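All values below come from the heavy atoms of this structure, side chains included, with hydrogens, waters and symmetry mates left out. Since the structure is predicted, the reported quantities are computational estimates derived from the model, not experimental observations. Order of appearance sets the numbers: ligands from 1, and atoms from 1 within every ligand.
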Amino acid sequence: MNQTDTDWRTLLGKHWSLASDWRTLAGEFDLNFSDGEVIYKVMRADCPRDIVDLQIACLTHLAKYDIAVPRLIPTLAGEPLIEVADGSSTHLCWAISRLPGTVLADTQPLAQTLIEEIATALAALHTALADFDHPALARTMRWDSREALNVRDDATALSSHPLAETLHAIFANLTAPALESLQALPTQAIHNDLNEHNLFCHVLPNTAPQLAGIIDFGDMIAAPRVMDIANAAAYLMLQTDQPITTLNHFVAAYAVACPLNEAEVSLVWPLALTRMAVSAVHAHESAAGGDDDPYLQTSQAAVSRFLADYAATNTDFVEAGLRQATGLAPRHQTTRDWIVTHGHTAAPLFDRSLVDAPQLDLHIAGVDMPDNPIAPDLAQVAQRVAALDPDSTRGVLGRYREARLIYGADFFLAGDHQASTRRTFHIAIDVFLPAGTPVRAPLDSVVHSAEVCDREFDYGGLIVLKHTPADGVTFYTLYGHLQHNSAATLEVGQSIKRGEVFAHLGAEHENGGWPPHIHFQVGLTDAPGSDWPGVVEPEHLEAWLDVFPDPAPLLSLQPGSVSGREIAPADTEQRRHRHSPPNLRTSYDTPLQVVRGWRNLLFDECGRTYLDAYNNVPHVGHSHPRIRRAVDQQLRLLNTNTRYLQPIHAAYSEALVARMPESLSVCFLLSSGSEANELALRLARHATGSKETIALRAGYHGHTVTTIDISDYKFSGPGGDGQAEWVHIVDNPDTFRAGEDKDGAAFAAQIGDIVHTLEESGRKPGCFIAETFPSVGGQIVPPSDYLQHAYRHVREAGGVCIADEVQTGLGRLGEYFWGFEHQGVVPDIVVLGKPMGNGYPLAAVITTPDIAERFDSGMEFFATFGGASVACAAGLEVLRIIDDERLADNAAAVGGYLLNGLRSLSQRWPLLADVRGMGLFIGVEIADASRRPLPEETNYIVNRLRDHRVLIGSDGPDHNVLKIRPPLTFSREDADHLLTILDRVLAEAALAHCC
Ligand code: PMP
């Protein structure tokens with residue numbers, strides 16, 4: 001174009017009243033300007049008039065509907081369109097209103113709610129366009145999927161595309177019947193280019209973006225609606241790492257507004273792949289022609305990744321999911337019914353009945369599940385099989401539809417993407433029998449595929465038989481872990497008679513190390529055996545179950561009688577509510593049900609893996625086998641109380657006190673932190689004769705009457721009774737809030753003031769109680785001299801000092817085994833709890849002989865569970881593991897690494913206003929530039945991390961501190977994973993207002 005942008009402004013200014021905020025916008029072929037509210041479009045010189053006219057007519061038509069699309073802005077003279085000369089050429093110019101918001105491409109994440117809004121908007125658009133017509137809609141273009149085969153045939157460079165084979169397969173899927181069924185669908189005006197740059201979103205603080213509207217009607221054609229649905233779904237799938245879920249959500253929401261028929265539903269997936277294939281061909285040809293438009297190449301990277309990962313996805317499975325999403329009945333119902341009603345007429349696979357065969361419980365929470373879910377010891381499975389069927393006469397069954405944890409060990413740390421797609425549900429029945437057991441065909445069969453399956457491990461011979469036992473009934477049966485020879489001697493297409501022996505069970509080495517068994521699966525798909533997943537992701541279980549129904553009837557077993565247990569969270573929640581107090585809360589907006597733990601991992605009922613960066617009770621890691629053994633051993637011997645002499649009680653008290661400064665040599669054992677703090681307060685009152693208690697603001701010491709009285713977090717919070725007159729609260733030694741130059745002496749001065757006031761009124765302090773590093777108070781690391789000054793004030797006035805080390809003790813701080821060591825003080829009373837028994841209830845009060853003696857007023861001290869044998873066994877083993885596994889050193893090293901990583905993140909994300917901590921006691925203050933706390937943002941971050949399967953908490957007086965205090969087994973890889981996910985969450989649109 002000859003005109004400069006300024007010339008255009010002058011020219012357009014003659015026809016529209018322009019606002020001052022004039023900008024040039026990006027455009028592929030045309031010039032686009034904006035003055036804030038309005039976009040002015042100067043079309044390329046050769047732009048056909050009817051295409052502009054089509055868009056104008058469409059927007060005029062849509063203006064009658066409540067649909068968020070741009071409105072046409074006529075000229076001052078009321079014209080929709082003008083022609084402007086530019087040298088020898090003329091340009092069509094027109095104007096539309098500008099939609100608010102940001103393009104979808106820049107608004108991560110693509111939340112389910114947004115996907116549904118887009119689908120609903122598309123359905124509304126289709127409804128509104130049903131009676132819209134225009135001559136230009138009848139044009140042919142390469143972005144019309146009905147032309148895809150021509151695109152393929154015209155593409156000169158397709159064979160040099162790195163994914164040429166995949167692309168050819170996608171085009172080949174557009175078979176004549178598929179194209180015919182597409183051609184047979186009614187046509188209407190469709191948008192035809194609903195990509196991530198043509199969707200606008202409102203970016204809202206602390207919540208998912210919402211749809212603001214749809215733009216760019218320049219590619220409209222008349223075509224079946226399903227093409228629009230498939231194209232939009234294709235682009236949306238490129239925006240997520242859960243594309244099949246995205247597809248199902250999108251199509252489901254569309255179908256709620258505009259129901260889809262069978263033909264449409266079965267075309268969605270092939271057409272979505274076609275749109276991506278056409279786009280790949282187009283980009284490849286452009287690049288070959290010298291056009292290396294970075295935008296095109298970036299979007300192509302996503303297309304190529306998607307096609308490489310998903311183009312070969314089983315289409316029966318995708319269609320099953322879409323049918324469920326749109327409320328259509330599953331396909332192959334006749335076959336399904338036949339299997340249920342006639343399955344028992346099949347010949348037995350083995351020369352024995354399986355009716356009484358015992359079942360293995362390999363569910364995540366099952367008794368037969370090996371201890372270590374990361375590297376399962378298959379010898380344990382073999383032992384269980386042998387225990388259930390010692391003479392190998394009955395056979396042992398493994399369950400269908402069972403969530404297991406035994407597949408794929410490297411499932412977690414490479415990124416949440418892998419965690420979320422981990423396969424856990426077993427969708428076959430296993431029959432464990434001796435190697436070499438002959439297998440008979442259940443029905444007349446044709447060999448469909450016969451392979452040897454040895455991807456990573458040797459899984460032996462794999463055979464699929466095809467059966468057509470009745471009119472309209474066709475299905476397949478798969479047999480895995482056979483002898484190699486069984487597969488090698490069969491020919492595809494070969495017939496096998498009902499009851500004929502066609503294979504033999506493989507040995508252990510043909511079972512990937514498992515005890516010999518057959519994996520028996522029934523399929524309604526004609527994929528070859530190597531493409532049958534034997535285990536599937538929980539997200540898509542229901543769709544896979546439609547493709548791979550319950551094989552039990554074909555083994556003459558009742559349907560559902562060999563199926564894994566289900567532990568639906570909704571059911572657990574309902575039952576919990578029925579019998580629990582209303583203020584018994586769960587964490588997170590969507591409560592999490594967990595059924596197993598291991599080291600730093602927690603697993604939900606489907607085997608989804610969560611990184612536990614929050615729980616400090618499983619100090620040496622969840623389900624530590626040594627703890628289990630120690631508890632088990634002691635339980636077998638004896639579990640009784642301190643009224644008897646017991647070596648284990650003496651040994652544990654000794655071991656615990658050995659870790660303390662010399663003066664603290666008397667140990668009371670109890671079973672909870674609250675109970676221990678109660679006792680500590682009693683000790684202090686006996687020792688000093690005073691009840692006056694000084695405690696920290698936002699402190700928490702327990703849930704009993706007296707501990708609530710001294711816990712500002714509770715008595716000043718919702719439902720609290722307020723401060724008792726014998727309780728005196730001082731500020732937390734929080735340098736972030738108070739200013740870095742405030743030292744320990746300055747913070748402790750408040751205690752001096754209280755002591756002074758008490759003395760003036762003839763009283764004296766009984767005790768000062770503080771968490772050494774306040775946790776509920778916001779994961780605070782006090783100045784290193786704080787307690788020295790605090791204790792001095794208290795002791796000078798005759799009070800005693802209690803250190804609540806419930807959260808900080810036992811090596812969590814890395815460098816210091818106890819928090820008070822960091823402060824260079826020795827408390828008079830130390831309270832321990834949470835981590836002591838790694839989950840076995842155990843707490844302690846440790847004090848001086850002098851204080852213990854003054855407590856001995858004649859009244860017996862006795863707590864039934866305090867110091868009981870099993871608790872002591874657990875506690876002793878915890879201390880040993882901390883040493884043996886050098887967990888305090890690990891806390892120092894990994895904690896330091898994580899703190900560094902968080903500090904680097906805070907450079908990039910200013911809302912991480914303060915990163916603090918020591919070892920694996922870490923807090924991140926979420927605040928704005930003026931240190932104003934941001935509790936809603938904090939809550940958003942914690943919940944989004946949970947969505948990404950990383951568990952942390954939040955705390956602090958203003959609920960704006962991310963709380964990170966994992967089991968001490970936390971590794972550098974765990975820290976990296978946490979940092980990666982946190983970084984991703986911080987980049988989400990919902991937090992953009994903080995950047
Ligand atoms: N003190 C502190 C510092 C705590 O964090 C807790 C528990 N959160 C307690 C005492 C009370 O312990 P418990 O819940 O075992 O009674």
Side-chain angles (χ1 to χ4, degrees), residues 581 583-587 614-619 668-684 693-715 717 727 729 732-734 767-782 787 801-810 812-813 818-820 822-823 827 829-846 863-868 871 874-875 878 917-918 920-923 952-957 959 961 963-967:
N583 52 355
L584 185 75
R585 307 238 165 89
T586 47
S587 300
Y614 181 68
N615 285 295
N616 55 359
V617 172
H619 197 62
F668 297 82
L669 291 175
L670 302 136
S671 18
S672 79
S674 307
E675 193 189 356
N677 273 323
E678 282 278 345
L679 179 63
L681 293 172
R682 282 179 68 202
L683 293 182
T693 302
I694 305 171
L696 296 184
R697 189 161 324 283
Y700 177 69
H701 299 286
H703 64 87
T704 55
V705 174
T706 320
T707 53
I708 285 180
D709 277 346
I710 60 161
S711 298
D712 174 57
Y713 167 77
K714 287 279 178 195
F715 70 67
V727 174
I729 297 298
N732 265 313
D734 177 352
C767 69
F768 166 62
I769 180 166
E771 269 194 275
T772 319
F773 286 22
S775 177
V776 172
Q779 299 288 96
I780 290 163
V781 180
L787 286 187
C801 299
I802 305 174
D804 183 336
E805 290 267 353
V806 167
Q807 302 240 11
T808 41
L810 293 184
R812 172 160 299 280
L813 303 179
W818 309 112
F820 59 76
H822 169 260
Q823 295 283 306
I829 300 170
V830 176
V831 172
L832 306 179
K834 280 182 183 290
M836 292 181 76
N838 212 50
Y840 199 95
L842 183 54
V845 174
I846 301 176
T864 306
F865 297 118
V878 167
M918 186 175 289
L920 287 170
F921 177 94
I922 293 174
I952 65 163
S954 63
D955 233 319
H959 312 287
V961 180
K963 193 162 170 176
I964 301 171
R965 33 155 231 202

Look at the side chain of [X] and the backbone N and O of [Y], then say whether any donor-acceptor pair between them is shorter than 3.5 Å.
X	Y	answer
Ser674	His703	yes
His701	Asp804	no
Glu805	Gly819	yes

Next on the checklist: Tell me which residues fall inside the under-4.0 Å heavy-atom shell around ligand 1.
Outcome noted: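 Ser672, Gly673, Ser674, Asn677, Tyr700, His701, Gly702, His703, Glu771, Asp804, Val806, Gln807, Lys834.
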
Item to check | Gap between atom CG of Leu669 and atom CG of Leu679 - 0.5 Å precision | outcome: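 One finds 10.5 Å between CG of Leu679 and CG of Leu669.
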
Item to check | Asp955 and Gln779 side chains, donor-acceptor separation under 3.5 Å | outcome: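 Not at all, the side chains of Gln779 and Asp955 share no donor-acceptor pair under 3.5 Å.
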
Next on the checklist: Can you tell me which residue among Lys834, Arg812, Arg965 is in a side-chain hydrogen bond (donor to acceptor under 3.5 Å, both in side chains) with Gln807?
Outcome noted: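 Among Lys834, Arg812, Arg965, the one that satisfies the side-chain hydrogen bond (donor to acceptor under 3.5 Å, both in side chains) with Gln807 is Arg965.
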
